Amino acid sequence: MEKRTVSDVLDQLAKILEQRRTAEAEASYVASLHKAGLDKILKKVGEESAETIIAAKACEAGGATSDLVYETADLWFHSLVMLSHLGLSHKDVLQELERRFGLSGLEEKASRGQ
């Protein structure tokens with residue numbers, strides 16, 4: 001199996017998400033989310049966020065780490081659908097994260113108010 005980088009995976013996923021934006025809603029889950037609109041996508045992001053939190057708490061209490069990984073993947077996926085719906089991609093988020101290198105969390109938060 002060919003080893004992919006994180007960037008390769010995100011690039012491939014972004015390509016698939018873009019293709020599915022214009023697919024028939026009956027033929028694609030992602031297309032059905034786009035057709036339903038941003039509120040439906042945000043509802044899914046919220047659900048996946050809550051499930052990730054629950055999985056993290058369970059993990060801390062001795063639960064399966066695989067459940068946390070699974071729920072985090074769902075959260076990332078639906079966040080990428082949200083970005084795609086708004087004409088953005090993982091590259092925009094990666095650029096923001098890259099900008100934050102060298103900044104402490106406190107400095108980054110303080111810069112938001114300016």
Side-chain angles (χ1 to χ4, degrees):
M1 183 175 189
E2 182 181 330
K3 181 103 174 135
R4 296 180 186 171
T5 66
V6 171
S7 185
D8 291 341
V9 171
L10 290 173
D11 287 346
Q12 184 176 0
L13 185 54
K15 199 177 294 183
I16 292 169
L17 290 177
E18 199 54 38
Q19 291 169 348
R20 303 273 167 85
R21 275 187 77 163
T22 56
E24 292 294 323
E26 297 77 24
S28 162
Y29 173 69
V30 171
S32 72
L33 287 174
H34 282 295
K35 185 175 181 183
L38 183 60
D39 286 351
K40 176 68 175 176
I41 296 168
L42 294 176
K43 183 178 176 191
K44 287 300 299 178
V45 171
E47 288 172 12
E48 299 305 338
S49 296
E51 290 172 6
T52 301
I53 291 167
I54 292 166
K57 292 298 287 180
C59 186
E60 183 181 46
T65 56
S66 60
D67 291 346
L68 178 57
V69 170
Y70 183 89
E71 295 301 341
T72 302
D74 279 352
L75 176 59
W76 285 16
F77 176 81
H78 287 89
S79 295
L80 291 170
V81 173
M82 174 192 66
L83 291 170
S84 170
H85 190 79
L86 296 170
L88 299 167
S89 79
H90 64 284
K91 292 180 181 177
D92 298 292
V93 176
L94 292 176
Q95 285 174 349
E96 175 60 21
L97 290 171
E98 188 173 9
R99 183 191 68 79
R100 294 181 187 185
F101 279 127
L103 287 176
S104 75
L106 295 174
E107 289 171 331
E108 196 286 319
K109 281 187 180 258
S111 71
R112 293 183 196 178
Q114 299 172 356

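Computed from a predicted model, the values in this text were never measured in an experiment.
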Ignoring hydrogens and angles, tell me if any N or O in the side chain of [X] forms a donor-acceptor pair with the backbone of [Y] under 3.5 Å.
X   : Y   : answer
D8  : T5  : yes
S49 : V45 : yes
R20 : S28 : no

Mind checking the [atom1]-[atom2] spacing from [X] to [Y]? Nearest 0.5 Å is all I need.
X   : Y   : atom1 : atom2 : value
M82 : L42 : CE    : CG    : 7.0 Å
K91 : S7  : NZ    : OG    : 7.0 Å
H90 : L97 : NE2   : CG    : 11.5 Å

Counting only heavy atoms from other residues, nucleotides and ligands, does the tally under 6.0 Å from CZ of R4 exceed 12?
no

Check whether any side-chain heavy atom of [X] lies under 4.5 Å from a side-chain heavy atom of [Y], and answer yes or no.
X    : Y   : value
L83  : S89 : no
R100 : E96 : yes
S79  : E48 : no
L10  : L80 : yes

Option from H85, R21, H78 for which side chain to side chain contact (heavy atoms under 4.5 Å, CB included) with L33 holds
H78

Sequence-distant partners of F77, side chain to side chain contact (heavy atoms under 4.5 Å, CB included), two or more places apart:
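Per chain and number, F77 pairs via side chain to side chain contact (heavy atoms under 4.5 Å, CB included) with L13, L17, Y29, V30, V81.
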
Quick one: do K15 and E18 make a salt bridge, cutoff under 4.0 Å?
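Judged by the 4.0 Å cut-off on N to carboxylate O distance, K15 and E18 do not form a salt bridge.
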
Inter- and intrachain pairs under salt bridge (charged side-chain N to carboxylate O under 4.0 Å, His left out), touching residues 61-74, at least two apart
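Of all non-adjacent pairs touching residues 61-74, none passes salt bridge (charged side-chain N to carboxylate O under 4.0 Å, His left out).
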
Quick one: do V6 and L88 end up in the same hydrophobic cluster if we chain Ile, Leu, Val, Met, Phe, Trp and Tyr together by side-chain heavy atoms under 4.5 Å apart?
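V6 and L88: one cluster.
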
